[in-house]
Amino acid sequence: MVFAFAAAVAGALIWIPHLIAPRRLTAVKAQPFECGKDPIEVAEGRFAIKFSTIAIFFILIDIELIFIWPWAVLYRRLGWFGFAEMLVFLGILMFGFLYIWRKGGLEWE
Amino acid sequence: MEHLALDALAAFILLNAVIGMVTYVTLLERKFAARMQSRIGPYRVGPHGLLQPIADALKLMMKEDIVPRAADRWVYNLAPIVFLIPCVLIFATIPFAPRLGLADLNIGVLFFLAVSSLEIVGLFMGGWGSNNKYALLSAMRAVNQIISYDLPFVFAALIPVVLAGSLQMSAIVAAQQGLWFVAYPVIGQLGFVAFLVATLAAENRVPFDILEAESELVAGFRVEYSGMKFAIIQLGEYAHMIASSFLGALLFLGGWLGPGSDIPAIGVLWFLLKAMLVFLVVTWVRWSFVRIRVDQILAVSWKLLLPATLGLLLVTAFWVALRGGAGA
């Protein structure tokens, strides 16, 4: 319900200016923004691989998170058993994390 | 049918409350920032500038809406809507007082974190659809930063979950009846600080605002947006920030608990007060610190916050187990 209302409000907010705002589009206004000169090139082409590697590390650890959520909720019932389990699990996870770290995967240069 | 109408009414009220709150929070931030710099801030429109947000909204509505020629029209026009929806949706799970919230889900915290990170989709759509090199670079940086800080953010938010043993917002508040989680020795304070830092980064606030670094990227992913679309993106950002302040108040500061909070009205007041406190800390940081570099941002997240919050989570777990968590 909130979703529908939020979508409606956002849509309305975009639609209202169509009624009251001026529309005087010129060729210069429609250019991609550039600091006071003609645009040199449009935004496409290659991007640094660093962005992708960070994304991969994120996915690696984010998947482990799915396991930690239910653990956190049920932790009181699991007690020491849950603690030991998580220690083993995070130990393995952190081993991989340290490997990434030592290999220089977290450096940005 | 009646149930549906009630739901609709509640959603309508909530949405209006959120939008009203957001417009006035911008005024609060401007006033606060002005005072920090020995200025007065908005003063001319209405008494003490109280009508300033309304004037701003009207002005933005009157502005021409420019779609650049190079832009991918569909993606470009949809981006503000996709950006705003999750930012408003997260308010649905926040209880403002006992039983005074839209939906007190039993997976409240999970819902909040999951939906609030959907915002990045709208952000990237905006950066990509603008087809402007500044906007695209900004969007790439934003994704990079938000996913990096998502992990410490979740780990920090899990500390209260472990302490309370529930993902339900109201249950987490109820567990703080005796002592607020922020007052728990060491784990509470460190957890709260980690949560605040991760919140700042997830909202792209100073000192983590490299995605809009105005000296290099002009205005970041929203450089091509004008008029109301720009306003919607702004609205979404502030809504997200307020929601995070509410979450901080719920998870660590005891939500609506406080002297006299048996009466719902006073409870709401306490809750708003705490959330505003968190918000003012965020604003205070914004006007006191300088922007840090990309590599420093990543180092803070991956090399400091991630191991630190994980360790803190384990310490919390150890402590709970020590207190005889089994069966409790």
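To find a chain, count down the sequence lines: A is the first, B the second, and so on, and within it residues start at 1.
Only the side chain of B/L306 has a heavy atom closer than 4.5 Å to any heavy atom of chain A. Neither the backbone nor the side chain of B/F83 has a heavy atom closer than 4.5 Å to any heavy atom of chain A. When heavy atoms are compared at a cutoff of 4.5 Å, B/P307 approaches chain A solely by way of its side chain, counted from C-beta outward. Residue A/I61 touches chain B through both its backbone and its side chain, counting heavy-atom pairs closer than 4.5 Å. Heavy atoms closer than 4.5 Å to chain A are found in the side chain of B/L84, but not in its backbone. Using a 4.5 Å cut-off between heavy atoms, B/A135 makes no contact with chain A at all. Heavy-atom distances place both the backbone and the side chain of B/I147 under 4.5 Å from chain A. Only the side chain of B/I19 comes within less than 4.5 Å of a heavy atom of chain A; its backbone N, CA, C and O stay farther away. Neither the backbone nor the side chain of B/L78 comes within less than 4.5 Å of any heavy atom of chain A. With a 4.5 Å cut-off on non-hydrogen atoms, A/F81 does not touch chain B at all. For a residue to count as touching a neighbouring chain, one of its non-hydrogen atoms must lie under 4.5 Å from one of that chain's; by this rule A/L90 touches chain B with the side chain only. In this structure, chain A has heavy atoms under 4.5 Å from both the backbone and the side chain of B/V162.
Scanning both residues, B/A201 and B/Y149, for their nearest heavy atoms gives CB-CG, 3.2 Å. Residues A/W71 and A/G82 approach most closely at NE1-O, 3.2 Å, considering heavy atoms. Counting all heavy atoms, side chain and backbone alike, B/P80 lies closest to B/I232 at O-CG2, 3.5 Å. Shortest non-hydrogen contact noted between A/A72 and B/L158 is CB-CD2, 3.7 Å.
Proximity of B/M125 to B/Y76: side-chain heavy atoms (C-beta onward) are nowhere separated by under 4.5 Å. The shortest side-chain heavy-atom distance between B/I146 and B/E119 falls under the 4.5 Å cut-off. Side-chain contact between A/I68 and A/M86 is present, with heavy atoms from C-beta onward closer than 4.5 Å.
In terms of heavy-atom pairs under 4.5 Å with chain A, the best-connected choice from B/L314, B/L167, B/V18, B/L235 is B/L314. Between chain A and the options B/I159, B/N77, B/I85, the largest number of non-hydrogen pairs under 4.5 Å is found for B/I85. With chain A as partner, the option from B/L163, B/L298, B/L110 having the largest number of non-hydrogen pairs under 4.5 angstrom is B/L110. With respect to chain B, the highest number of heavy-atom pairs below 4.5 Å among A/I54, A/I100, A/L74, A/V73 belongs to A/I54.
The aromatic rings of A/Y75 and A/F83 stand perpendicular to each other, their planes meeting at an angle above 60°, with 30° marking the opposite boundary.
A/F57 has its ring centre no less than 6.0 Å from the ring centre of A/F97.
We find the OG1-CG distance between B/T309 and B/L304 to be 9.0 Å, quoted to the nearest 0.5 Å.
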